[in-house]
Amino acid sequence: MAKLRIPLVDLQAQYRTIQGEVDAAIARVVARASFILGEEVEAFEKEFASYCEAKHCVGCANGTDAIALALEALGVRAGDEVITVANTFIATSESISAVGARPVFVDVRDDTLLMDVARVEAAITARTRAIVPVHLYGQTVDMDPLLELARRRGLKVVEDAAQAHGARYRGRRAGSMGDAATFSFYPGKNLGAYGDAGAVVTSDPAVAARVAKARNHGRASKYEHDFEGRNSRMDGIQGAVLRVKLRHLDAWNARRRELAALYRERLAAKPEFRFVATGEGCEPVHHLLVVRHTRRDELHARLREAGIEAGIHYPVPLPVQPAYGHLGLSPGDFPVAMRSAREILSLPIFPEMTAESVAEVTTSLSA
Ligand SMILES: *Cc1c(COP(=O)(O)O)cnc(C)c1O
């Protein structure tokens, strides 16, 4: 591979823009030796709940645990089924299995590559307890019909908002619509920590209280345990870094929207490049900038030779992963996910990226 000139995401460039604030925040935690939970995490929880326009936020160790903690708090148990989507990161379905439930996959829509809400009802059985829509690539699933269906059938909804910090749907924030929502603050996410971190956001005080105990050994006090929980606490340093970065999130998301518009403009004359469509009522935050092309592998190799990093999210749909071989699923039941997996390419997008870099990428693509 040629020298990497344009990465998919550049966290070193981002650090240079906030170094003073971040260094001071980390120093504060170290000086207080407040390494696990503590005041920075509590302050972040309040600030992030308010940002999401929800009542409560409970920090935890990562976005994978957040999904399992939310499902468990909503009463999902062994033997239940939870409906999710064929095109997502395995953390979504892994967490469903982690609480003993069985993931049930539905196909995606061809335009947005998000959960096809019209297919969800047919996947409901007597065992179904919950639905986990995934706001992939930075825009929300079409939530109104999904919430209506869930209400009608008595099902819980957990939004997997790991890629959608700050996105809006008909004016509402990602994370404020389901019974609970989960976020990942993996470093490369739109709001990323300096290590692993995650959170459950909810407006239901009982769910928040259950998650707050479950992430910390079911503790009521230091050695009084109301139930068996787990160790999934957020570090003080992560809370402090996330508070600094939350102040920049809206500006960073706005810059991602500018870059996404620039990509579309520069490839507008080439209809063989099909961008993922913006759903009705959606205000995306472009965690990933995904374009489809029938000669995807050739383009991917060309970018690599030019020193431009691209990604594929995701190359193998979950129903046909070896990890789910025991479910005996057929690729024929997921035609859109199967076909799009061969066509999708994620192009570099991050707030510090320049217009010149976007031009370099589109020039390489259309050469
Ligand atoms: C990143 C991600 C997760 C998991 O988050 P971690 O913090 O890495 O555990 C879950 N779901 C989706 C869609 C993600 O992109």
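Each ligand, and each atom within it, is numbered from 1 in the order the structure gives. Here, residue 1 is the first one in the sequence, and each next residue gets the next number.
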With a 4.5 Å cut-off on side-chain heavy-atom distances among I, L, V, M, F, W and Y, is there a chain of contacts connecting [X] to [Y]?
| X | Y | answer |
| --- | --- | --- |
| V76 | V211 | yes |
| F89 | V141 | yes |
| V85 | V276 | yes |

Exercise. Verify side-chain contact (heavy atoms from CB on, under 4.5 Å) between F183 and L191, making sure each step is shown before the conclusion.
Key: CA-CA 9 Å; F183 288 87; L191 179 61; over 6 Å; no
Quiz item: H165 and Y51: aromatic ring centres closer than 6.0 Å?
Solution: no
Protein heavy-atom partner closest to [atom] - residue, atom, separation in Å:
| atom | value |
| --- | --- |
| atom 8 (O) of ligand 1 | S184 OG, 3.9 Å |
| atom 9 (O) of ligand 1 | T64 OG1, 2.5 Å |
| atom 10 (C) of ligand 1 | A91 CB, 3.5 Å |
| atom 12 (C) of ligand 1 | A162 CB, 3.5 Å |

Exercise. Take the angle between the ring planes of F48 and F44 and call it parallel below 30°, perpendicular above 60°, tilted in between.
Key: parallel
Quiz item: Is the NZ or CZ atom of R266 positioned over F273's six-membered ring, under 6.0 angstrom from the centre and within 45° of the axis?
Solution: no
Practice problem: Pick one of side chain, backbone, both or neither for how V134 approaches ligand 1, counting any non-hydrogen atom pair under 4.0 Å. | Solution: side chain
Quiz prompt | Which segment of D160 sits under 4.0 Å of ligand 1 when only heavy atoms are counted | solution = side chain
Self-check item: Atoms of ligand 1 close to N62 [distance to a heavy atom under 4.0 angstrom, numbered from 1]
Solution: 7 (O), 9 (O)
Quiz prompt | Proximal ligand 1 atoms for T88, defined as those under 4.0 Å from one of its heavy atoms | solution = 13 (C)
Quiz prompt | Nearest option to atom 3 (C) of ligand 1, as decided by whichever heavy atom of K189, Q163, H287 sits closest | solution = K189
